[in-house]
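Since the structure comes first, as structure tokens, the remarks are kept for the end.
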Amino acid sequence: MQADEYRHKGARRRLVETLRRKGIKDEAVLAAIGAIPRHWFLDSAFEVQAYEDKAFPIGNEQTISQPYTVAYQTALLDVQKREKILEVGTGSGYQAVVLAALGARVFTVERQEALFHKTQQLIERLKVTNIRCYLRDGYKGIAELAPFDKILVTAGANSVPEQLQEQLRIGGKLVVPIGEKTQEMYCIERLSEHEFEAKVFGKFQFVPFLEGLERFKK
Ligand code: SAH
């Protein structure tokens, strides 16, 4: 793994200022982004650009979300220490590590076998102990670990994933981008056994939420 050098730290401080200018106000989220070396989650080819506010390819046709998007979703989720959080779409692992840095217990699922293995190994090497990785179809969530305090979907869904809503505790929140080409950010709170309240926020662009697992390509 590359070192975390002075220049990376400087670039991170500038990224945090950019996020502040764009309207992110949650200080805990900004501190987490300021502390986590994003270049560890990208191919070394992107090292110099790792602290631009942009999404980048991580292989297997997937992307690491733009820092603004990570900050926005994390702020909406309103993470509290020790909360049990399900993340759907592990990808590079960056978002999971941001949630872990906020003190959550993170359960993250990825449908692509290659990405699952690569990221699980990275998380082990980083010695982040409050993240568990699963190779699963995120549409189904993780029924045996439910209910979750919070659920975060980091791929664009066509409609509200009902099985995920059902895995929220009462009072819990589901943050999910919904839409085909571009998505609106939904924050859905479970008010009671059968009542959910949705609030809709700004427009974003995500890779698609796909059903089923994808095994290693031969
Ligand atoms: N949170 C990631 C963003 C990755 S992009 C990060 O910080 O890097 C979204 C990820 O969702 C991709 O890796 C994609 O393979 C995964 N994905 C899409 N549909 C899924 C599903 N049904 N179950 C689990 N993961 C899914």
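Each ligand, and each atom within it, is numbered from 1 in the order the structure gives. Hydrogens, waters and symmetry mates are skipped; everything else that's a heavy atom, side chains included, is used.
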Subject >> Check ion pair Glu17-Arg14 (N to O, under 4.0 angstrom) >> reply: no
Original post:
Are the charged groups of Arg21 and Asp53 less than 4.0 angstrom apart, N to O?
Top reply: no
**OP:** Output, in order, the C-alpha distance, side-chain angles, deciding distance and verdict of salt bridge (charged side-chain N to carboxylate O under 4.0 Å, His left out) for Glu166 and Lys140.
**Re:** CA-CA 10 Å; Glu166 293 306 322; Lys140 302 193 176 84; over 6 Å; no
Under 3.5 Å: N or O atoms of ligand 1 paired with protein N or O:
unit_1, atom_1, unit_2, atom_2, d
ligand 1, 1 (N), Glu87, OE2, 2.9
ligand 1, 1 (N), Gly89, O, 2.9
ligand 1, 1 (N), Thr154, OG1, 3.1
ligand 1, 7 (O), Gln95, N, 3.1
ligand 1, 8 (O), Ser92, N, 3.0
ligand 1, 8 (O), Ser92, OG, 2.6
ligand 1, 13 (O), Glu110, OE1, 2.7
ligand 1, 13 (O), Glu110, OE2, 3.4
ligand 1, 15 (O), Glu110, OE2, 2.6
ligand 1, 19 (N), Leu210, N, 3.0
ligand 1, 22 (N), Asp137, OD1, 3.0
ligand 1, 22 (N), Leu210, O, 2.6
ligand 1, 23 (N), Gly138, N, 2.7
ligand 1, 25 (N), Arg111, N, 3.3

Original post:
Can a salt bridge be assigned to the pair Glu110 and Lys118 using a cut-off of 4.0 Å between side-chain N and carboxylate O?
Top reply: no
**OP:** Give every residue pair that meets the side chain to side chain donor-acceptor pair (under 3.5 Å) criterion with at least one member in residues 169-189, sequence neighbours excluded.
**Re:** Asp149-Arg169
Original post:
Taking NZ, NE, NH1 and NH2 as the nitrogens, is one of them in Arg132 or Glu87 under 4.0 Å from a carboxylate oxygen of the other?
Top reply: no
